[in-house]
Trainee: 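Dropping a structure here in structure tokens format, bear with me for questions.
Keep in mind that what you see is a predicted model, and the values were worked out from it rather than measured. Naming: A, B, ... by sequence-line order, numbering from 1 per chain.
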Amino acid sequence: MLHLFNTLTGKREPFKSVEPRKVGMYVCGVTVYDYCHIGHARSALVFDVLRRYLEYSGYTVTFVKNFTDVDDKIIKRAQEEGVTCEAITKKYIEAYDEDMGKLGIRPATEQPKATEHIEEIIRLTETLIDKGLAYVVDGDVYFHVARYPAYGRLSKRRLEDLQAGARVEVDERKRHPMDFALWKRSKPGEPSWPSPWGPGRPGWHIECSAMSIKHLGETFDIHGGGMDLIFPHHENEIAQSCGATGKEFARFWVHNGFVQIHQEKMSKSLGNFFTIREIFAKSDWPESVTGEVLRYFLLSTHYRGPLDFSDRAMKEAKNALNGFYDLFERLKEPSDSGTGDDCLDAVIEQARVSFVKAMDDDLNTPMAMAALQGLRGEVNKLLEKGLSSRRRAQAREAFRTMGNVLGLFQSDVWQFGASPSISRTLDVEGEKTGLGMMADDEIKRLVAERQAARLQKDFKRADEIRRFLAARGIIIEDRPDGTSRWKR
RNA sequence: GGCGCCGUACCCAAGUGGUAAGGGAGCAGUCUGCAAAACUGCGAUGCGGCGGUUCGAACCCGCCCGGCGCCUCCA
């Protein structure tokens, strides 16, 4: 049974859905005013894996992930570029889908936008005003935190503590410094919708309450996002939602840790971030390889811990993945011998048990990956003894099934005969790694030439070619049947 | 000032009371025309430090050291 760490209770708890076999899950997406960085990728990936694992465990998952498409930063960006807000949000939503697609992150069941839920937002705001939990000032509407006693429950903070450390300028019109905007009066030139309080636009937090309630109901199973959203965003969502409905909101709150660069949080304000497309653009490897390597890397640490991104870490992930795909290549080779056949079922079953146990334990992906590594070793050993073609296919299928939960091992080809790519540097730590361009056709030609040389026992020439390619990161592997294949 | 996180081998990383998973890198061996891959073997008497609780602690408690996050937009 799946156990998840619930931020709300501060404990690891057995996961139980409201309705049997069904899960409603809401995850805060991104504000679409710029390209996504690896931190966004990690968050998206963690919840993609949670969703995949819930499905693997037999649940039907309704997964809602929003786009915040009305916001101060979007407005600012649009003004800077002299275009409309719509142009900005359209551009970055498309970029989001493209970037996440490269990482194998499946689109959510629903991907709602704030601007498409203005009606719901206004209704929710009205309810909060009616209940005395919100008040109107000059066309703005604020949530009145002092009227909501449970405020601080998620982030384990007391209002008094927050006040003491508040670094915000106090808005005199607010009744309490921590009161936050549900509705903002629009200034000229800003996006604006009619409302009972005059033309304006929604505040940030209210959209998630409105959209989650609309798509998942007033009480649903899982709400997720990055750790930095715990306060104030998720705290405010709870206050708004519970305040308005009088019911429990999300039951499980799941938060992922940060991606760091040299031990520091990766963030826009620090300027130490790498965008997803930047990583792909700089990578030496074919796109599918880069996507899978990045995925492998991001899952190699438990989702709640910090994760340090570096060029070196990417290479290590690539090497580790290489071992799997080397095995998959071997599994493709036909064989009649089956001395190890009888052991395969047990070996797979053992791996499956370890894998499920790891994932059940608060999505312990590093441990789950260790189970897959263990299976890799066992299957390699059986291959030494001899595995029939049928059993080889069975082994490959086991990797594909479990790998699918993590979004790994789905490619039929790894870098063997990979699609054309250009060798460039992944210059994350300032070290140069690229050795110039090496197109596939050129490699193939040299491999063929070497093949011919070997047939004539011209090993001098053959080794010359091997060394030439090796210097460019191409490794040739001679097969027992006399053929050769290569990989990057 | 308040809330919280992290510190395990060269690197990454599980383990959270029962005597240190796994991977990468490295070294040695088998195999190979040479390689690669695979297989075999080697690798922390110790888990930031010092005390304490316990039959027993990396795991619990206390203090300290080092690094970081949130409290303001932030995945």
Trainee: Can you check each nucleotide of nucleotides 14-20 of chain B against protein heavy atoms at under 4.0 Å and return B for base, S for sugar-phosphate only, - for none, in 5' to 3' order?
Mentor: SS-----
Trainee: Can you see whether A:Asn66 engages A:Gln111 through a side-chain donor-acceptor pair at a distance of less than 3.5 angstrom?
Mentor: no
Trainee: Does this structure show an ion pair linking A:Arg77 with A:Asp72, if we count only N-O contacts that are shorter than 4.0 Å?
Mentor: no
Trainee: Calculate, to the nearest 0.5 Å, the distance between atoms CD1 and CZ belonging to A:Ile475 and A:Arg485 respectively.
Mentor: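 Here the rounded value is 12.5 Å.
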Trainee: Between protein and nucleotides 29-41 of chain B, map the contacts as a letter string: B base, S sugar-phosphate only, - none, heavy atoms under 4.0 Å, written 5' to 3'.
Mentor: ----BBBBSSSS-
Trainee: A:Phe273: which residues meet the ring pair (Phe, Tyr, Trp, His ring centres under 6.0 Å) condition with it, sequence neighbours left out?
Mentor: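 Testing A:Phe273 for ring pair (Phe, Tyr, Trp, His ring centres under 6.0 Å), a comparison that skips the adjacent residues, returns A:His37.
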Trainee: Just the rounded figure in Å: distance from C1' of B:A75 to CZ of A:Phe67.
Mentor: 14 Å
Trainee: Assign A:Gly374 to base, sugar-phosphate, or nothing according to its heavy-atom contacts below 4.0 angstrom with the strands shown.
Mentor: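 If one applies the 4.0 Å heavy-atom cut-off, A:Gly374 turns out to touch nothing in the nucleic acid.
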Trainee: Give me the distance, rounded to whole Å, that separates B:G48 from B:A9 when you measure between the P atoms they each carry.
Mentor: 8 Å
Trainee: Using the C1' atoms only, state how far B:G17 lies from B:G22, rounded to an integer number of Å.
Mentor: 23 Å
Trainee: Using the C1' atoms only, state how far B:G18 lies from B:C39, rounded to an integer number of Å.
Mentor: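 My reading of the C1' atoms in B:C39 and B:G18 gives 33 Å.
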Trainee: Among B:A75, B:G22, B:U72, which is the nearest nucleotide to the side chain of A:Met178?
Mentor: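 Given the options B:A75, B:G22, B:U72, the side chain of A:Met178 is closest to B:U72.
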Trainee: Checking side-chain polar atoms at under 3.5 Å, does A:Glu13 have a donor or acceptor matched by the opposite partner on A:Thr9?
Mentor: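 Yes, a side-chain donor-acceptor pair sits under 3.5 Å.
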Trainee: Determine the Euclidean distance between corresponding P atoms of B:U19 and B:G24; express it in Å to zero decimal places.
Mentor: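 One P to the other, the span is 26 Å.
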Trainee: In whole angstroms, how far is the P atom of B:C12 from the CG atom of A:Asp311?
Mentor: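 It is 14 Å, rounded to the nearest whole Å.
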Trainee: Checking A:Arg42 against A:Tyr303: is there a side-chain donor and acceptor pair closer than 3.5 Å?
Mentor: no
Trainee: Is the backbone N or O of A:Phe468 less than 3.5 Å from a side-chain atom of A:Arg472, with the two atoms forming a donor-acceptor pair by type?
Mentor: yes
Trainee: Over all strands shown, is A:Ala313 touching base, sugar-phosphate only, or nothing at heavy-atom distances under 4.0 angstrom?
Mentor: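 Contact class for A:Ala313: none.
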Trainee: Pairs counted as Watson-Crick or G-U wobble with both distances under 3.5 Å: what dot-bracket string results for RNA chain B, using | for bases tied to another strand?
Mentor: ((((((((.[[[..)..(...]]].(((((.......))))).....[[[[[..)....]]]]])))))))....
Trainee: When you compare B:A21 with B:A44, how far apart are their P atoms, in angstrom units rounded to a whole number?
Mentor: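 Nearest-Å result for B:A21 against B:A44 at atom P: 11 Å.
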Trainee: Tell me what A:Val46 touches on the nucleic acid: a base, only sugar-phosphate, or nothing, going by heavy atoms under 4.0 Å.
Mentor: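 Result for A:Val46 = nothing.
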Trainee: May I have the distance from A:Glu264 (atom CD) to B:C6 (atom P), rounded to whole angstrom?
Mentor: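 Atom CD in A:Glu264 sits about 19 Å away from atom P in B:C6.
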Trainee: If I take atom CD in residue A:Gln373 and atom P in nucleotide B:G23, what distance separates them, rounded to the nearest angstrom?
Mentor: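 Between P of B:G23 and CD of A:Gln373: 6 Å.
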Trainee: Please tell me which of A:Phe231 and A:Gln260 maps to the more 5' nucleotide of RNA chain B, matching each residue to the nucleotide holding its nearest heavy atom.
Mentor: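 The residue closer to the strand's 5' end, by nearest nucleotide, is A:Gln260.
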Trainee: In terms of side-chain geometry, is the basic nitrogen of A:Arg461 or A:Glu449 positioned less than 4.0 Å from the acidic oxygen of its partner?
Mentor: yes
Trainee: For the aromatic rings, using the six-membered ring if either is Trp, is the centroid distance between A:Tyr148 and A:Tyr151 under 6.0 Å?
Mentor: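 Distance test on ring centres: not under 6.0 Å, no.
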Trainee: Within this structure, what is the CG-to-P distance between A:Leu372 and B:A13, rounded to whole angstrom?
Mentor: 18 Å
Trainee: Just by distance, no angles: are the side chains of A:Lys91 and A:Tyr96 close enough, under 3.5 Å, to form a donor-acceptor pair?
Mentor: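 No - no donor-acceptor pair under 3.5 Å links their side chains.
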Trainee: NA contact type, A:Met266, heavy-atom cut-off 4.0 Å: base, sugar-phosphate, or nothing?
Mentor: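 Result for A:Met266 = base.
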Trainee: Is the closest side-chain donor-acceptor distance between A:His234 and A:His205 under 3.5 Å?
Mentor: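 Result is no, nothing qualifies.
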Trainee: How long is the gap from CG on A:Leu2 to CG on A:Leu4, to the nearest 0.5 Å?
Mentor: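 Spacing of CG (A:Leu2) from CG (A:Leu4) equals 4.0 Å.
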Trainee: Considering only atom C1', compute the distance from B:G2 to B:U72 and round it to an integer number of Å.
Mentor: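 Looking at atom C1' only, B:G2 and B:U72 are 16 Å apart.
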Trainee: Rounding to an integer number of angstrom, what distance separates B:C10 and B:G26 when you compare their C1' atoms?
Mentor: 8 Å
Trainee: How far does the P atom of B:C34 sit from the matching atom of B:C42, given to the nearest Å?
Mentor: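 My reading of the P atoms in B:C34 and B:C42 gives 26 Å.
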Trainee: Looking at the rings of A:Tyr92 and A:Tyr33, which for Trp means the six-membered one, are their centres under 6.0 Å apart?
Mentor: no
Trainee: Roughly, in whole Å, what's the span from CG in A:Asn66 to C1' in B:A75?
Mentor: 12 Å
Trainee: Are a donor atom and an acceptor atom from the side chains of A:Tyr325 and A:Glu292 found within less than 3.5 Å of each other?
Mentor: yes
Trainee: Would you indicate what A:Phe297 reaches in the nucleic acid, counting non-hydrogen atoms under 4.0 angstrom: base, sugar-phosphate, or nothing?
Mentor: nothing
Trainee: Give me the distances for all protein-to-nucleotides 8-11 of chain B N/O pairs that come in under 3.5 Å?
Mentor:
from  : atom 1 : to       : atom 2 : distance (Å)
B:C11 : O4'    : A:Arg312 : NH2    : 3.3

Trainee: Can you tell me if A:Asp478 and A:Ser484 form a side-chain donor-acceptor pair at under 3.5 Å?
Mentor: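 Looking only at side-chain atoms, A:Ser484 and A:Asp478 do form a donor-acceptor pair, the distance falling under 3.5 Å.
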Trainee: Quick test of your reading of the model: are A:Glu235 and A:Arg153 salt-bridged, counting only N-O distances below 4.0 Å?
Mentor: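 Salt bridge between A:Glu235 and A:Arg153, a charged N being under 4.0 Å from a carboxylate O: no.
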Trainee: With rounding to the nearest 0.5 Å, note down the distance linking CZ in A:Phe409 to OG1 in A:Thr401.
Mentor: 11.5 Å
Trainee: Could you give the CG-to-C1' distance, from A:Asn256 to B:C70, as a whole number of Å?
Mentor: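 The distance from CG of A:Asn256 to C1' of B:C70 comes to 14 Å, rounded to the nearest Å.
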Trainee: Using the benzene-type ring in the case of Trp, are the ring centres of A:Tyr26 and A:Phe63 under 6.0 Å apart?
Mentor: no
Trainee: Just how far, in rounded Å, is P of B:C12 from CG of A:Leu321?
Mentor: 19 Å
Trainee: Indicate, with a heavy-atom threshold strictly under 4.0 Å, whether A:Asn319 touches base, sugar-phosphate, or nothing.
Mentor: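 Here A:Asn319 touches the backbone only, sparing every base.
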Trainee: Can you tabulate the close N/O pairs, meaning under 3.5 Å, that link protein atoms to atoms of nucleotides 2-5 of chain B?
Mentor:
from : atom 1 : to       : atom 2 : distance (Å)
B:G2 : O2'    : A:Asp161 : OD2    : 2.9

